[in-house]
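Computed from a predicted model, the values in this text were never measured in an experiment.
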Amino acid sequence: MDYLDELNEVQRKAVMATEGPIMIVAGPGSGKTRVLTFRIVHLMQLGVDPFRILALTFTNKAAAEMRERVSKIMGNEARNLYIGTFHSVFARILRYEAGRLGYPSNFTIYDTDDSRSLLKSIIREQALNDSLYKPAVVHNRISSAKNSLIGPAEYQNDVNIVADDQAAGRPKIGLLYELYAKRCFMAGAMDFDDLLYKMYYLLSQFPDLLYKYQNRFRYIMIDEFQDTNGAQYAIVKKLGDVHQNICVVGDDAQSIYSFRGATIANILNFEKDYSDLQVFKLEQNYRSTKHIVHAANKVIGNNRMQITKEIWTDNHPGEKIKLLKAGSDNDEGKQVIDGIFEEKMRNQRMNKEFVILYRTHSQSRAFEEALRRLNIPYVVYGGISFYQRKEIKDLVAYLRLTVNHFDEESLKRIINYPSRGIGQTTVEKALLKANDTGLRLWEVLERYDEVMPGSRAANAVNDFISKIKTFSLMLQTHNAFDLASHIAKASGLLHELYNDKTIEGLSRYENIQGLLNGIKEFTERTPFEAGKDPIEEEWVTVDGEILNEKNLDKSLGAYLQEITLLTDADKDNGTEDRIKLMTIHSAKGLEFPCVYVVGLEEGLFPNQMSMGSREELEEERRLFYVAITRAQHKLSLTFATTRYRFGNLTHSDPSRFIEEIDPRVIDKQFSHREMNASSHEERFSKVTIPVIKPPQYVHKTTSDFVADDFNQIQTGMEVEHQRFGVGKVVHLEGNSKEKMATIFFQNNVGSKKIMLRYARLRIVKTNMMQEG
DNA sequence: ATAAGTCATTTTTTT
DNA sequence: AATGACTTAT
């Protein structure tokens with residue numbers, strides 16, 4: 001078994017220990033994925049049926065990578081492995097067993113937006129104070145209840161929880177939870193947390209199913225164990241109870257998801273629950289230079305909460321860590337990109353060897369602009385993901401409603417988009433009726449003539465309903481792509497966007513085309529076969545990747561599940577030569593030759609919202625640890641002394657994390673005194689950061705706004721916008737308080753309406769002879 | 001019922 | 001800076 005030769009001693013022991021409960025504590029870059037994949041390979045070589053091996057990961061990408069690595073060694077046999085994310089694996093099981101829970105097998109998965117908008121309407125229906133009961137707050141409460149396996153009834157009976165809500169002035173949350181759960185059920189929908197909660201419920205309520213799945217999974221492996229929550233642990237513990245071959249892999253120092261209910265307590269519980277636990281510690285780092293490893297150890301040493309382990313490496317010391325100071329967020333962007341450019345030239349590196357890591361999505365803007373200016377290709381992961389865009393959600397809502405008529409959130413979204421004369425009042429009346437009669441919104445609309453006699457909107461409603469029904473009929477005969485393109489046209493959506501000639505309109509149209517292309521790829525990857533149940537018989541698909549030709553789900557429903565559980569981090573562009581931009585959270589599990597950790601300012605990173613307690617601060621520090629340990633060769637840290645936030649200039653101090661690094665491994669481009677002195681100076685002298693070049697820019701902060709500023713902009717002028725480039729003002733409208741300019745941008749071939757009060761424009765050419 | 005106009009909020013990380 | 005909620009006009 002030559003694959004074992006590629007491992008060090010601890011790794012080999014961890015691979016060979018197949019039986020019983022195992023915990024592998026794996027530091028960053030210690031070959032964790034390699035151990036996991038070889039472990040699977042090893043089990044298969046010992047003759048274990050791949051069908052009995054379950055491996056759970058956090059991202060689809062991690063799952064795909066693991067499967068690919070196993071396939072390389074074992075070939076086709078790897079098809080039958082159960083590898084997937086918690087959510088996708090459980091979603092599949094839940095679809096198959098949906099009947100037991102009274103759910104249809106084509107249930108919809110509500111994303112966070114759907115959950116919140118449903119809660120919003122429930123809060124409104126209950127006539128509760130919506131500044132006290134904010135959907136996001138209520139949703140968080142419900143979410144953490146589900147992640148602790150607390151149902152609506154238990155919630156309302158739990159003295160502590162009730163007291164908590166009472167104390168927070170929100171005693172009705174229990175009721176809202178109950179109503180929310182009911183409405184989800186009525187809509188044939190599960191939210192993200194339900195995929196875990198209902199899975200647990202299934203296993204605890206139906207002994208035959210527990211027996212079935214316990215016996216199916218003889219070996220269970222869990223990646224990133226430090227980021228599992230209570231529900232996930234409980235499910236895995238139940239599933240593994242018969243064979244007890246559970247192997248968890250994780251690193252407490254990289255636990256960064258407590259806001260999602262993840263808890264290091266799982267590690268402690270695991271040790272407690274399995275007394276015969278074997279523990280392996282992978283401490284040798286193969287990824288980073290000595291300097292980087294040294295810095296990482298030093299930083300994490302400031303945390304009190306940790307399992308003792310010391311990461312070490314045999315690698316070259318490497319370059320020192322670069323520390324850069326910038327005057328503003330835009331300057332930071334410029335400096336980092338200049339630095340990347342220089343590094344590229346000096347060491348002949350490709351774009352894809354670089355990553356820029358930040359704490360929050362909003363930080364990406366300055367880097368994007370700097371990259372665009374130098375024409376360097378880049379890709380931003382996460383942020384407003386493709387599937388969050390309005391136009392995409394609109395089309396997806398049509399698709400979802402076609403698959404599941406009871407999906408209330410989708411129905412409400414598109415019932416009058418494009419406008420078809422079914423206004424707010426009509427929907428509200430129907431919704432009221434639905435709640436009165438216990439019918440679903442769809443059912444009310446279906447019987448609209450009899451339930452709501454004499455309504456003016458009747459024709460429009462009937463047309464809409466029959467349109468959707470026509471789409472549904474096509475489910476049996478058309479594949480996902482054909483049906484989706486038909487729906488895009490027949491719904492009027494495509495037409496609506498086609499007529500919009502603004503920059504946004506153009507890009508929306510393109511996005512719809514992009515979505516359709518994506519569906520096309522999906523369809524081609526998974527040929528259509530009508531009326532066949534994809535789940536029974538064999539477990540052949542992993543997160544949309546179909547491995548067995550006979551057993552494929554290529555329907556629209558399968559596509560919808562794939563996209564709701566897919567994140568931007570999953571769309572791997574590994575082959576494209578682009579600089580990558582992402583949050584530190586989404587960089588988990590990845591590595592890059594050159595890493596730029598940016599925005600290292602007190603209040604931003606560590607983030608203001610996470611400095612309430614020592615535990616929170618320690619999680620921020622773990623996040624920083626994750627960030628710097630992504631780097632293989634070159635690590636660069638930057639901070640800006642001033643930064644725009646909501647259009648206002650703010651000042652900040654360098655992050656405390658910078659000082660936690662051993663100064664001997666830092667290559668500072670300025671003196672320590674300068675680091676603080678100049679930021680001090682800037683804070684007290686009244687600085688205005690010009691947007692690009694003074695003084696042509698119309699520039700506004702809330703305090704210094706003068707009406708004259710935007711009055712400089714006149715029809716016919718040529719102006720430059722930071723994001724859209726140079727364009728011509730073709731139309732002006734508005735009053736003395738708010739003025740809109742319609743600007744035609746040449747490079748993008750489209751127009752855009754810009755609110756001048758907030759605009760950052762540079763006047764390129766003032767003289768104009770004619771009005772647009 | 002819809003479009004245009006005005007006001008208010010946003011400040012974390014994600015399956 | 002941008003979006004959504006709310007208000008007023010058509």
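- Note on A/Lys134: only backbone sugar-phosphate atoms sit closer than 4.0 angstrom, heavy atoms only; bases stay farther off.
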Look for any protein N or O under 3.5 Å of an N or O in nucleotides 1-4 of chain B and output each such pair with its distance, or none.
{"residue": "B/dA1", "atom": "OP1", "partner": "A/Thr425", "partner atom": "OG1", "Å": "3.1"}
{"residue": "B/dA1", "atom": "OP2", "partner": "A/Thr425", "partner atom": "OG1", "Å": "2.7"}
{"residue": "B/dT2", "atom": "OP1", "partner": "A/Gly421", "partner atom": "N", "Å": "3.2"}
{"residue": "B/dT2", "atom": "OP2", "partner": "A/Asn416", "partner atom": "ND2", "Å": "3.0"}

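- The interatomic distance linking A/Arg508 (CZ) with C/dT3 (P) rounds to 9 Å, in whole Å.
- What separates CE of A/Met190 from C1' of B/dT15 is a distance of 16 Å, to the nearest Å.
- Under the rule for a ring pair (Phe, Tyr, Trp, His ring centres under 6.0 Å), the partners of A/Phe605 that lie at least two apart in sequence or sit in another chain are A/Phe624, A/Phe657.
- A search for side chain to side chain donor-acceptor pair (under 3.5 Å) contacts involving A/Arg124 returns nothing, not counting sequence neighbours.
- Across all strands shown, A/Arg124 has heavy atoms under 4.0 Å from sugar-phosphate atoms exclusively, and none from any base.
- The residue A/Tyr257 sits close only to the backbone: its heavy atoms come under 4.0 Å of sugar-phosphate atoms, none of a base.
- The side chain of A/His361 approaches B/dT14 more closely than any other nucleotide in the set B/dT12, B/dT14, B/dT15.
- Judged as a salt bridge (charged side-chain N to carboxylate O under 4.0 Å, His left out), and not counting sequence neighbours, the contacts of A/Asp113 are A/Lys393.
- Contact annotation: A/His87 does not reach the phosphate of B/dT14 (side-chain N/O to OP1 or OP2, under 4.0 Å).
- Seen from the ring of A/Tyr103, A/Lys198 does not count as a face-on cation partner, given the 6.0 Å and 45° thresholds.
- Between A/Tyr110 atom OH and B/dT15 atom C1' there is a gap of 18 Å when expressed in whole angstrom units.
- Geometrically, A/Lys588 engages A/Phe58 in a cation-pi contact defined by less than 6.0 Å to the ring centre and at most 45° from the axis.
- For the pair A/Asn229 CG and B/dT13 C1', the interatomic distance rounds to 15 Å; values are reported in whole Å.
- Atom-to-atom, CZ of A/Arg622 to C1' of B/dT13 comes out at 13 Å; the value is rounded to the nearest Å.
- Using a 4.0 Å heavy-atom criterion, one finds that A/Lys120 contacts the sugar-phosphate atoms exclusively.
- Closest to the A/Arg359 side chain, of the nucleotides B/dT12, B/dT15, B/dT14, is B/dT12.
- Among the heavy atoms of the strands lying under 4.0 Å from A/Ser610 is at least one base atom, whether or not backbone atoms are also near.
- Listed nucleotides B/dT12, B/dT13, B/dT15 differ in distance to A/Asn607; the shortest reach to its side chain belongs to B/dT12.
- Among residues at least two apart or in separate chains, salt bridge (charged side-chain N to carboxylate O under 4.0 Å, His left out) pairs with a member in residues 600-611 of chain A are A/Glu601-A/Arg643, A/Glu602-A/Arg656.
- For A/Thr112 against B/dT15, a side-chain N or O and a base N or O form a donor-acceptor pair under 3.5 Å.
- Computed from coordinates, the A/His139 NE2 to B/dT15 P distance equals 14 Å when rounded to whole Å.
- Formation of a donor-acceptor pair under 3.5 Å by the A/Thr108 side chain with backbone atoms of A/Tyr110 is not found in this model.
- Between the C1' atom of B/dT13 and the CD1 atom of A/Ile256 lies a distance of 8 Å, rounded to the nearest Å.
- Put simply, CG on A/Asn140 is 12 Å from C1' on B/dT13, counting in whole angstrom units.
- Listed by chain and residue number, A/Tyr257, A/Phe259 satisfy the ring pair (Phe, Tyr, Trp, His ring centres under 6.0 Å) test with A/His585 (two or more places apart in sequence, or in another chain).
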